[in-house]
2 protein chains.
Amino acid sequence: MISFDNFNMTDGSPIYLQILLYIKRGIIAGIICDGDELPSRRVLSALLGVNPNTVQKAYKMLEDEGLIQSRTGAKSYVVVTEAKLTEIRAELLEADAMEAVAKLKQMGVSQEEAHGLIDKYWNGGE
Amino acid sequence: MISFDNFNMTDGSPIYLQILLYIKRGIIAGIICDGDELPSRRVLSALLGVNPNTVQKAYKMLEDEGLIQSRTGAKSYVVVTEAKLTEIRAELLEADAMEAVAKLKQMGVSQEEAHGLIDKYWNGGE
DNA sequence: AAAACTGTATTAGTGCAATAATACAGTTAG
DNA sequence: CTAACTGTATTATTGCACTAATACAGTTTT
């Protein structure tokens, strides 16, 4: 069963997207694997303190991407092929790295300073 | 006059926040300086293709933070003291670096790989 | 078989971001 | 002075994220 223990939900972006990305990043990290059982819509919504429809929206998008499999009445499972794994890994790593680089460059940070910032905040920061 | 030439507006976050951050990051980079003239609400809204009220909301927040000065009928100007500069630099660098680190760690990326990603996307990517 | 779970769907309502259309007051340029 | 700009304010409307309350169909457990 997938764990949502260190799920945060504080960045202001739509909750259904946060759930979607949490699962995608977990798959990329290898923490969430092919065949893993997902918490039901109702259970996860109660766990996160959000509406079941919000979870359903995230799950629906994951299913449309072929990353989970659902069928009425039964539990939902993760479906990850090697192809999809490399696909979403490239997609998310590129998106996140480019976003961070763009922001830092816009603030006039040098490449070396960027490395320093990564190191500074990698283990707690400060 | 402040330039909005490489303003992007594609990340899905509220536009008034994007404008606010664009100006803050410009100040941190030293591209936007104390005394600089801001485009008027109407001019900038036309330039970005958004509603004047959206620009006004961003400008209003900047004024509440003391980073710009407005007065009815006249143009608006940037106001930056050394203290405020160091304050927002710490605020934004910390926020952006921590966000990037959190995302990469969540994907199981190592510290060394993170450095590699920064380098890869620093100059165009690929 | 019955109970307790699953997924799925629908309808209604709230809040915020953004647009649209004005209006008014003060400043600046010709 | 007048015209053309500034900032500021108001009201109405749209769209989306999210909540709420159901309902129904299928599966699993006992």
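For clarity, every value in this text was computed on a predicted model and none was experimentally measured. All chains are named by letter (A, B, ...) in the order of the sequence lines, taking the proteins before the strands, and each is independently numbered beginning at 1.
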Report task. Would you give the length of the straight line joining atom OH of A:Tyr16 to atom CG of A:Asn53, rounded to the nearest 0.5 angstrom? Result ->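 Result: 13.5 Å between the selected atoms.
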Report summary line: Comparing A:Arg71 with A:Thr54, nearest DNA chain D nucleotide closer to 5' gives the residue A:Thr54
Query raised in the report: Are a donor atom and an acceptor atom from the side chains of A:Tyr22 and A:Asn6 found within less than 3.5 Å of each other?
Result: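 Indeed, the side chains of A:Tyr22 and A:Asn6 share at least one donor-acceptor pair under 3.5 Å.
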Requested in this report: Just call it for B:Val55: base, sugar-phosphate, or nothing, with non-hydrogen atoms closer than 4.0 Å on any strand.
Outcome: nothing
**Report entry** Length of the CZ-P vector between B:Arg42 and C:dT19, whole Å
**Finding:** 16 Å
**Report entry** Salt-bridge contact B:Lys103-A:Glu99 (side-chain N to carboxylate O under 4.0 Å)
**Finding:**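 Between A:Glu99 and B:Lys103 there is a salt bridge, with a charged N closer than 4.0 Å to a carboxylate O.
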Report summary line: Ranking B:Tyr16 and A:Ala74 by the position along DNA chain C of their nearest nucleotide, the one closer to 5' is A:Ala74
Report task. For DNA chain D, note the earliest and the latest nucleotide, 5' to 3', having some atom under 4.0 Å of a heavy atom belonging to chain B. Result -> D:dT6 to D:dT10
Query raised in the report: Touch check for B:Gln18, heavy atoms < 4.0 angstrom, all strands: base, sugar-phosphate only, or nothing?
Result: nothing
Query - Distance in angstrom units between A:Gln56 CD and C:dT10 P, rounded - result: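 To the nearest whole Å, that distance equals 11 Å.
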**Report entry** Pair A:Lys84 + A:Glu65, salt bridge at N-O below 4.0 Å
**Finding:**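 Here A:Lys84 does not pair with A:Glu65 in a salt bridge, since their nearest N and O are not under 4.0 Å apart.
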Report task. Using a heavy-atom cut-off of under 4.0 Å over every strand shown, decide if B:Tyr59 touches base, sugar-phosphate, or nothing. Result ->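 Here B:Tyr59 touches no strand at all.
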Query raised in the report: What about B:Asn51: does its side chain form a donor-acceptor pair under 3.5 Å with the base of C:dA18?
Result: no
Query raised in the report: Across the strands shown, which category fits A:Lys57 at heavy-atom distances under 4.0 angstrom: base, sugar-phosphate, nothing?
Result: sugar-phosphate
Report task. Specify the residue among A:Gly73 and B:Leu38 whose closest nucleotide of DNA chain D lies further upstream toward the 5′ end. Result -> B:Leu38
Requested in this report: Taking only Lys NZ, Arg NE, NH1 and NH2, and the carboxylate oxygens of Asp or Glu, determine whether B:Lys24 and B:Glu91 approach each other closer than 4.0 Å.
Outcome: yes
Query raised in the report: What's the CG-P distance between B:Asn53 and C:dA17, to the nearest Å?
Result: 13 Å
Query raised in the report: Considering the options A:Ile2, A:Ile88, A:Asp34, which one meets the side-chain contact (heavy atoms from CB on, under 4.5 Å) requirement together with A:Ile27?
Result: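 Considering A:Ile2, A:Ile88, A:Asp34, a side-chain contact (heavy atoms from CB on, under 4.5 Å) with A:Ile27 is found only for A:Ile88.
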Query raised in the report: Going by atom types only, do A:Thr54 and A:Arg41 share a side-chain donor-acceptor pair under 3.5 Å?
Result: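 Looking only at side-chain atoms, A:Arg41 and A:Thr54 do not form any donor-acceptor pair under 3.5 Å.
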Requested in this report: Starting at atom CG of B:Leu20, determine the distance to atom P of C:dA18, rounded to an integer number of angstrom.
Outcome: 12 Å
Query raised in the report: Taking CG from B:Leu48 and P from C:dT19, how many angstroms apart are they, rounded to a whole number?
Result: 10 Å
Query - Interatomic distance where CD belongs to B:Gln69 and P belongs to C:dG26 [whole Å] - result: 17 Å
